[in-house]
Amino acid sequence: MLKQRTIAKELSLKGIGLHTANKVNITFKPAEVDQGINFIRTDLPDRPFVKASVEYVLSSSSSPRRTSIGRDNIEIQTIEHLMAALAGAEVDNINIELDNSEVPGLDGSSLNFSEIINKAGIREQEKERRYYAIKEPISVEEDGSTIVALPASELK
């Protein structure tokens, strides 16, 4: 089994939100095992956080054309490119501090996020990574579009 991973050192960058045009400073910090991916709003009192989890995904009607998460009136917008970079680097645990409501758009892809993650380096942690397995077909249909996930012994 593979071990959980975090970044090896703290790094920061600045940018502008693609949808809000707000300036934002974002800092990536290593996190402990089993902590997951957490977005921390440093611009709000008590520095509240939102875990990057399906239970916190906001409806696209409130923030169209982007993936947003939130809880208790705290919102983090446009996380999809950063999440893709973290998935590509196989990062399980990280704290992401930002001083506005939207992740910077940068070049409009995951490239800049991947570069900063690579620059920070990856540190393997002592605990095994958790895996999810599809045991029966799952499908979702909306507005005439369908996506289906089927069980398989390998990713395909």
Side-chain angles (χ1 to χ4, degrees), residues 1-134 140 147 149 154-156:
M1 296 290 281
L2 297 174
K3 302 287 187 178
Q4 292 182 31
R5 295 160 48 113
T6 190
I7 57 173
K9 67 179 180 180
E10 178 180 318
L11 281 176
S12 298
L13 61 83
K14 296 177 184 183
I16 297 173
L18 179 65
H19 299 279
T20 62
N22 292 333
K23 293 180 182 178
V24 61
N25 296 296
I26 187 166
T27 301
F28 304 92
K29 294 184 174 185
E32 299 300 317
V33 296
D34 291 335
Q35 194 170 354
I37 298 168
N38 295 290
F39 289 85
I40 302 160
R41 289 285 303 272
T42 61
D43 60 318
L44 298 176
D46 300 325
R47 300 168 45 99
F49 75 94
V50 180
K51 184 173 280 301
S53 174
V54 69
E55 65 192 278
Y56 297 116
V57 174
L58 299 176
S59 167
S60 61
S61 63
S62 65
S63 51
R65 302 194 131 175
R66 57 192 170 267
T67 302
S68 299
I69 57 174
R71 67 174 184 82
D72 303 329
N73 296 321
I74 306 156
E75 188 171 341
I76 317 296
Q77 299 178 39
T78 321
I79 66 168
E80 59 270 25
H81 296 143
L82 173 52
M83 293 299 294
L86 293 169
E90 298 180 323
V91 172
D92 302 286
N93 303 301
I94 190 169
N95 289 321
I96 303 162
E97 296 182 347
L98 62 164
D99 63 1
N100 218 312
S101 64
E102 187 176 18
V103 171
L106 305 175
D107 75 345
S109 76
S110 295
L111 179 63
N112 297 124
F113 294 120
S114 293
E115 289 172 344
I116 200 156
I117 292 165
N118 288 335
K119 189 174 179 182
I122 300 295
R123 179 171 53 88
E124 191 171 87
Q125 297 175 298
E126 293 303 314
K127 196 163 182 188
E128 289 184 356
R129 173 179 266 180
R130 287 184 239 163
Y131 293 90
Y132 295 93
I134 296 173
V140 176
I147 186 167
E154 60 188 24
L155 180 63
K156 62 179 185 175

Legend entry - Trace of the side chain to side chain donor-acceptor pair (under 3.5 Å) decision for N93 with E32: CA-CA 7 Å; N93 303 301; E32 299 300 317; over 6 Å; no
Legend entry - Worked verdict on D72 versus V50 for side chain to side chain contact (heavy atoms under 4.5 Å, CB included): CA-CA 9 Å; D72 303 329; V50 180; over 6 Å; no
Inset, instruction - Work out which heavy atom in G108 is nearest to a heavy atom in H81; give both atom names and the distance. - result: O-CE1, 3.2 Å
Inset, instruction - Quickly, which of I40, I76, N25, T42 forms a side chain to side chain contact (heavy atoms under 4.5 Å, CB included) with L98? Name it, please. - result: I76
Inset, instruction - Using the test side-chain contact (heavy atoms from CB on, under 4.5 Å), find all partners of N118 that sit at least two apart in sequence or belong to another chain. - result: none
Inset, instruction - Evaluate whether atom CD1 of I134 has more than 12 neighbouring non-hydrogen atoms of other residues, nucleotides or ligands under 6.0 angstrom away. - result: yes
Legend entry - Over 12 non-hydrogen atoms of neighbours within 6.0 angstrom of NZ in K3: yes
Legend entry - Test item: T67 side-chain N/O and I79 main-chain N/O as donor-acceptor pair under 3.5 Å: no
Inset, instruction - With D92 as reference, evaluate R129, R130, R5 under the salt bridge (Lys or Arg N to Asp or Glu O under 4.0 Å) test and give the passing residue. - result: R129
Legend entry - Backbone of T27 reached by a side-chain donor or acceptor of E97 within 3.5 Å: no
Legend entry - Taking every non-hydrogen atom, the tightest pair across S114 and A85: OG-CB, 3.5 Å
Inset, instruction - Using modelled atom types only, decide if a donor and an acceptor are shared between the side chain of N100 and the backbone of K23 within a distance under 3.5 Å. - result: yes
Legend entry - Flag, side chain of E128 to backbone of M1, donor-acceptor distance under 3.5 Å: no
Inset, instruction - Taking atom CD of E126 as the centre, report whether more than 12 heavy atoms of other residues, nucleotides or ligands fall under 6.0 Å from it. - result: no
Inset, instruction - Inspect the surroundings of NZ in K51 and state if more than 12 heavy atoms from other residues, nucleotides or ligands are less than 6.0 Å away. - result: yes
Legend entry - Residues in salt bridge (Lys or Arg N to Asp or Glu O under 4.0 Å) contact with K9, at least two apart in sequence or another chain: none
Legend entry - With S68 via side chain to side chain donor-acceptor pair (under 3.5 Å) - residues at least two apart: S63
Inset, instruction - Go through E102 and V24 one step at a time and tell me if the side chain to side chain contact (heavy atoms under 4.5 Å, CB included) criterion holds. - result: CA-CA 7 Å; E102 187 176 18; V24 61; over 6 Å; no
Inset, instruction - Under the side chain to side chain contact (heavy atoms under 4.5 Å, CB included) rule, what do R71 and F49 come out as? Steps first, then yes or no, please. - result: CA-CA 9 Å; R71 67 174 184 82; F49 75 94; 4.1 Å; yes
Inset, instruction - Begin from the C-alpha positions of I96 and L86 and carry the test side chain to side chain contact (heavy atoms under 4.5 Å, CB included) through to its verdict. - result: CA-CA 11 Å; I96 303 162; L86 293 169; 4.0 Å; yes
